[in-house]
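A short worksheet on the structure shown next.
In what follows, every heavy atom counts, from backbone to side chain, and hydrogens, waters and symmetry copies are set aside. One-based numbering, in listed order, for ligands and for the atoms of each.
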Amino acid sequence: MPGQRARNDGMPVPPGDSGPSAKSRELVSTGQRRYVPNYAPKEMILDRGAGARMWDLDGTEYVDFGAGISVTSLGHGDPDLAEALAAQAGRLWHVSNLYFAEPVVRLADELCEASFADRVFFCNSGAEANEAAIKLARKHASLSHDPEKHEIVTFHGGFHGRTIATVTATAQPKYQEGFGPMPGGFRYCDYNNVAALDAAIGERTCAVLVEPIQGEGGVVPAEDGFLTAIAERCRAHDALLMFDEIQSGLARTGRLFAHQWEEGVVPDVVTIAKALGGGLPIGAMLVGEKAAETFQPGSHGSTFGGNPIAAAVARVVLRKLRSPELLANVARQGERLRRRLTALHNEIGFISEVRGKGLMLGAVLRDEWAGRAGELGEVCRRHGVLVLQAGPDVVRFLPPLNITDAELDDGMDRFESAMREAAGRGGAKESG
Ligand SMILES: *Cc1c(COP(=O)(O)O)cnc(C)c1O
């Protein structure tokens, strides 16, 4: 393509070497003008990817430590996913939920076989999966209890989506401001605090919805025993135990589900989405025996839910994410990433801890580094590595789970050079 430089040699284009092309600048300004301004995309146009690397329209290479927010867990351009997509695209795109289609049936069966679940509801996003879970919990309680039993307990710092119900489940004021009135029936309590849970839960509780590791809230894992404590209270109050594994699930932490790190906890509902389609939109609510028959014909639905192309791809994703080699790679690369962060910390003293599990890690900024996660992300981008933040104080790493030693080392070399540059500015801390 004219004007496009191929940079496959693994070297970042030095900052300022030529600047964005006219086409790239035109696309950025059109996007800035034409998108509803609820996002603030970086001023570049991503154009292609391979494994853990991406290139923008001008050929600048980036190591991808964000995986589209835990979505492209098998990296970019996996040939097996592309093959499954092409095969299904030539066969059938959509059947509606009036009919069965083979890839969707098989995916449901394989998800149940791989988990605690008996049944699956398919949708297209995380918020929809949680919306289904919220409705399921209410319906389940309504069938055997009086209507007072409708409260759902969630946790401060959690994140469950942007629809009106899921943003209400999201106990963070910044996501709710201006959208009131919020639906009633949600109770919030402090994460990792059993006493607070005991104060919030009761006979009116129909479910507890919780992330085994809070993602958007700062990469905060449930402490040992906390999920068990929730499970015990759910049992005592006949409330559904619902894990939001939209970010932490599907091998992200080195086990297929993050809640499996807590011995003996069996949920009633688990919601998944992000990684399931390898980059195609698909979400699912997995339901265990207790509530498997709660929804009946007419209870709930989604026109696009259970799309055959997304399901055909998701079957391959699931098979790959379940493989022992992949899970071992998550553990090993997670350790390597931690080691490099710790070594860098010993040199420039920028973090108080590294939180998380497997390849869901948060570096918690300290002292004069605190509050700078967004700004540091931009420095990283100039150095050819894409990282995420989780609030102003946490640099978040969610690389592809099949990342290689060479890709991880290359990305960390770039991260280190970015942080050394940021450290070099000494006391030049920017406010905000
Ligand atoms: C991303 C996310 C959601 C929302 O998913 P969408 O696909 O953006 O609707 C819900 N819960 C958690 C834990 C998430 O990380």
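- Phe350 and Phe415 have tilted rings, their planes meeting at an angle from 30° to 60° on a 0 to 90° scale.
- Distance remark: protein heavy atom not present below 4.0 angstrom from atom 8 (O) of ligand 1.
- Applying the 4.0 Å criterion to heavy atoms of Gln247 picks out, from ligand 1, the atoms 15 (O).
- When side chains are defined from C-beta on, Arg414 does not count as touching Phe65, because their heavy atoms never get closer than 4.5 Å.
- Residue Leu241 comes nearest to Ala231 through the heavy atom pair CD2-CB, 3.7 Å, listed as atom of the first residue, atom of the second, then distance.
- Among the atoms of Ala273, none of the N or O lies under 3.5 angstrom from an N or O of ligand 1.
- Looking only at protein heavy atoms, the nearest one to atom 5 (O) of ligand 1 is Gly126 CA, 3.3 Å.
- Annotation: Gly161 places no N or O atom under 3.5 Å from an N or O atom of ligand 1; distance criterion only.
- Residue Ala127 approaches ligand 1 through these ligand atoms, each under 4.0 Å from one of its heavy atoms: 4 (C), 5 (O), 6 (P), 9 (O).
- Looking at atom 11 (N) of ligand 1, its nearest protein heavy atom turns out to be Asp244 OD2, 2.7 Å.
- Proximity to Asn130 (heavy-atom distance under 4.0 Å) selects the following atoms of ligand 1: 10 (C), 11 (N).
- Atoms of ligand 1 found under 4.0 Å from any heavy atom of Lys274, numbered from 1 in the order shown, are 1 (C), 2 (C), 3 (C), 14 (C), 15 (O).
- Evaluated for a side chain to side chain contact (heavy atoms under 4.5 Å, CB included) with Arg204, the options Lys149, Arg187, His150 yield exactly one hit, His150.
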Query raised in the report: Does the pair Glu262 and His259 meet the rule for a side-chain contact (heavy atoms from CB on, under 4.5 Å), with working shown?
Result: CA-CA 6 Å; Glu262 179 100 343; His259 74 260; 5.8 Å; no
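- Ligand-side atoms of ligand 1 in range of Glu211: 13 (C), range being under 4.0 angstrom from any heavy atom.
- Side chain of Arg138 to backbone of Ile134: no donor-acceptor contact under 3.5 angstrom is found.
- Screening Leu341, Val354, Leu359, Leu388 for a side chain to side chain contact (heavy atoms under 4.5 Å, CB included) involving Phe397 leaves a single residue, Leu341.
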